[in-house]
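Okay, structure first, notes after.
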Amino acid sequence: MRQRSVKRSTLLVAAGCAVLGCGDSGPHITPAALERLGELLTTLERESAFNGVVLVADRGEVVYHAVHGSADFEAGEPLHPDAAFEVGSISKPFTAVAIHILAERGELSYEDSLTKFFPAVPYDDVTVGGLLSHTSGLFDVYDDVDMRNQFFSFYGRSDPPYTNKDYLAYLEEYQPALAAAPNERYQYSNTGYVLLALIVEQVSGQRFDEFLRRNIFLPAGMEHSVVYSFLEEPGFAALVTGYRRDSTGNLIPVTGPNAAPAFQGLTYGDDEVVTTAEDLLRFDRALRSGILLAPESLDRLLTPPTLNDGTRGRYGQGLSITHEEELRYASHTGSTAGFLAYWKFGAEDNDHTVIVLTNVTSRGSGFRELHQSIRQILRGG
């Protein structure tokens with residue numbers, strides 16, 4: 001909850017350093033690196049290759065925060081630092097933290113079977129922990145073309161958009177087989193996080209957005225963050241318009257009042273968090289300082305499981321874990337209609353937070369190349 005004793009918070013900060021590293025661990029970001037970063041982003045904006053917000057923090061302190069481009073091209077509205085973006089799959093770490101909070105309270109276990117919560121689905125060996133780390137063997141309904149078509153046929157409506165309960169009803173009726181045995185391999189599954197959000201609601205007795213508001217947004221000081229699915233009004237004042245750039249370079253609005261109608265879902269847990277760069281940094285700080293989770297839970301968030309064949313997975317219980325040039329990166333990306341997002345979480349040997357949010361998408365790997373270039377600049381490469 002929002003209130004934790006000062007004594008416990010202080011102890012968690014110290015213990016959190018044992019997991020993540022604090023103080024003077026790792027290289028600091030140099031002024032020269034920040035100057036190079038500014039030059040890169042200014043050039044990309046001038047070439048219409050980047051439109052968005054970039055925030056960089058060193059040991060939790062902001063050292064770079066800049067906006068580039070427009071919030072609404074039709075209205076000629078420029079971006080501002082506190083603009084809100086849809087962050088797509090960066091919603092998953094919020095869902096994971098919600099599950100860890102409930103586990104800390106003893107209200108659920110990582111070993112709990114999915115059938116404990118949803119007896120009508122045939123996945124006895126799928127556990128909460130497996131869902132968190134994408135090793136449950138559960139398929140991704142939307143990414144599997146045949147399954148997606150079957151789901152759309154089952155759902156059979158374009159208005160209102162489908163939700164988590166529609167996903168669950170589909171699984172209960174058709175009971176599709178797992179894509180792999182539990183803990184056999186890493187397999188990214190939006191479906192798993194849709195179900196985790198339903199578990200949060202069932203166990204807590206609260207609506208998902210309300211649980212996040214009380215237990216994450218408020219304690220972390222995130223005053224400009226919401227779960228879009230639950231907004232009573234269709235708009236959110238701080239949310240910028242999302243665009244896609246077509247093959248000829250034209251900007252097509254895909255969100256907002258001028259967007260063409262689309263058959264889409266409002267599933268939450270896997271998606272639907274709207275936030276700002278500063279709020280995402282507040283989430284980052286609250287995790288690393290022990291405000292939200294105890295050190296053991298944070299360690300779970302950052303530690304991929306050992307698979308059946310003895311190899312390591314690629315995803316902890318809430319964040320993606322990679323290694324580049326002997327540096328560990330804990331990060332998450334997000335992609336949804338008109339928006340891309342990247343959040344690099346400070347790790348013990350590389351304690352830099354990097355947040356990149358854009359409201360203009362296009363085909364190709366340009367966004368990935370951008371955040372890779374930012375990381376390279378910041379580490380002096």
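Keep in mind that what you see is a predicted model, and the values were worked out from it rather than measured.
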Exercise. Do any pairs count as a salt bridge (charged side-chain N to carboxylate O under 4.0 Å, His left out) and have a residue in residues 41-56, sequence neighbours left out, and if so which ones?
Worked result: none

Exercise. Closest approach of Asp166 and Phe151, non-hydrogen atoms and distance?
Worked result: O-CE1, 3.6 Å

For this session: Using the side chain to side chain contact (heavy atoms under 4.5 Å, CB included) rule, take His80 and Val67 through it: C-alpha gap first, then chi angles, then the decisive distance, then the call.
Result: CA-CA 6 Å; His80 44 87; Val67 297; 5.6 Å; no

For this session: Could you give me the CA-CA distance, side-chain angles and deciding distance for Ile29 and Leu34, then say whether side chain to side chain contact (heavy atoms under 4.5 Å, CB included) is met?
Result: CA-CA 7 Å; Ile29 298 173; Leu34 295 176; 3.6 Å; yes

Exercise. Can you find a pair of side-chain heavy atoms, one from Ile374 and one from Lys344, that are under 4.5 Å apart?
Worked result: no

Problem set entry | Close side-chain approach of Thr191 and Leu171, heavy atoms under 4.5 Å | yes

Problem set entry | Short side-chain donor-acceptor distance under 3.5 Å, Asn51 and Arg245 | no

For this session: May I ask you to decide if Gly88's main-chain N or O and Ser91's side chain share a donor-acceptor pair within less than 3.5 Å?
Result: yes

Problem set entry | Gap between atom NE2 of His224 and atom CZ of Arg282 - 0.5 Å precision | 6.0 Å

Problem set entry | Heavy-atom pair of closest approach, residues Ala57 and Leu281 | CB-CD1, 3.8 Å

Exercise. Could you walk me through whether Leu131 and Val126 pass the side chain to side chain contact (heavy atoms under 4.5 Å, CB included) check?
Worked result: CA-CA 7 Å; Leu131 293 173; Val126 170; 3.8 Å; yes

Exercise. Is there a side-chain contact between Phe118 and Ile199, using heavy atoms and a 4.5 Å cut-off?
Worked result: yes

Exercise. Roughly how far apart are Leu292 CG and Leu298 CG, rounded to 0.5 Å?
Worked result: 9.5 Å

Exercise. Other hydrophobic cluster members with Leu266, side-chain heavy atoms of Ile/Leu/Val/Met/Phe/Trp/Tyr under 4.5 Å, chained?
Worked result: none

Exercise. How far does CG of Leu41 sit from CZ of Arg36, to the nearest 0.5 angstrom?
Worked result: 12.0 Å

For this session: Just grab all the salt bridge (charged side-chain N to carboxylate O under 4.0 Å, His left out) pairs involving residues 136-149, residues at least two apart or on different chains.
Result: none

For this session: Verify, without hydrogens or angle tests, whether Arg300 (side chain) and Gln317 (backbone) share a donor-acceptor contact under 3.5 angstrom.
Result: no

For this session: Check whether any side-chain heavy atom of Val354 sits under 4.5 Å from a side-chain heavy atom of Tyr342, and report yes or no.
Result: yes

For this session: Name all pairs fulfilling the salt bridge (charged side-chain N to carboxylate O under 4.0 Å, His left out) condition that reach into residues 73-99, sequence neighbours left out, sorted by first residue then second.
Result: none

For this session: Among residues two or more places apart or on two chains, list those pairs meeting ring pair (Phe, Tyr, Trp, His ring centres under 6.0 Å) that have a residue in residues 47-70.
Result: none

Problem set entry | Pair Gln187-His134, side chain to side chain contact (heavy atoms under 4.5 Å, CB included): steps then yes or no | CA-CA 5 Å; Gln187 176 154 332; His134 297 290; 5.9 Å; no

Exercise. Is there a side-chain contact between Phe152 and Tyr142 (heavy atoms, below 4.5 Å)?
Worked result: yes

Problem set entry | Flag, side chain of Thr43 to backbone of Glu39, donor-acceptor distance under 3.5 Å | yes

Problem set entry | Beyond-backbone contact of Asp58 with Leu378, side-chain heavy atoms, under 4.5 angstrom | no

For this session: Kindly give the heavy-atom pair with the smallest separation between Thr353 and Arg288, and that separation in Å.
Result: OG1-NH2, 3.7 Å

Problem set entry | Minimum heavy-atom distance between Phe339 and Thr361, given as atom pair plus value | N-CG2, 3.4 Å

For this session: Compute whether any side-chain donor of one residue and acceptor of the other, for Ser89 and Tyr188, lie under 3.5 angstrom apart.
Result: yes

Problem set entry | Tyr315 and His332, any side-chain heavy atoms less than 4.5 Å apart | yes

Exercise. Okay, side chain of Glu272, backbone of Val227: is any donor-acceptor separation there less than 3.5 Å?
Worked result: no

Exercise. Short question: side chain of Asn164, backbone of Tyr268 - any donor-acceptor pair under 3.5 Å?
Worked result: yes

For this session: Tell me who clusters with Tyr243, hydrophobic residues only, linked when side chains sit under 4.5 Å apart either directly or through other members.
Result: Phe73, Leu251, Val360

Exercise. Without hydrogens or angle criteria, can the side chains of Thr276 and Glu278 be said to hold a donor-acceptor pair below 3.5 Å?
Worked result: no

Exercise. Hey, what do you get for OH (Tyr228) to CG (Asp271), rounding to the nearest 0.5 Å?
Worked result: 12.0 Å

Problem set entry | Residues Glu210, Arg214: salt bridge by 4.0 Å N-O rule | yes

Exercise. With side chains defined as the heavy atoms from C-beta onward, is the minimum distance between Phe283 and Phe94 less than 4.5 Å?
Worked result: yes

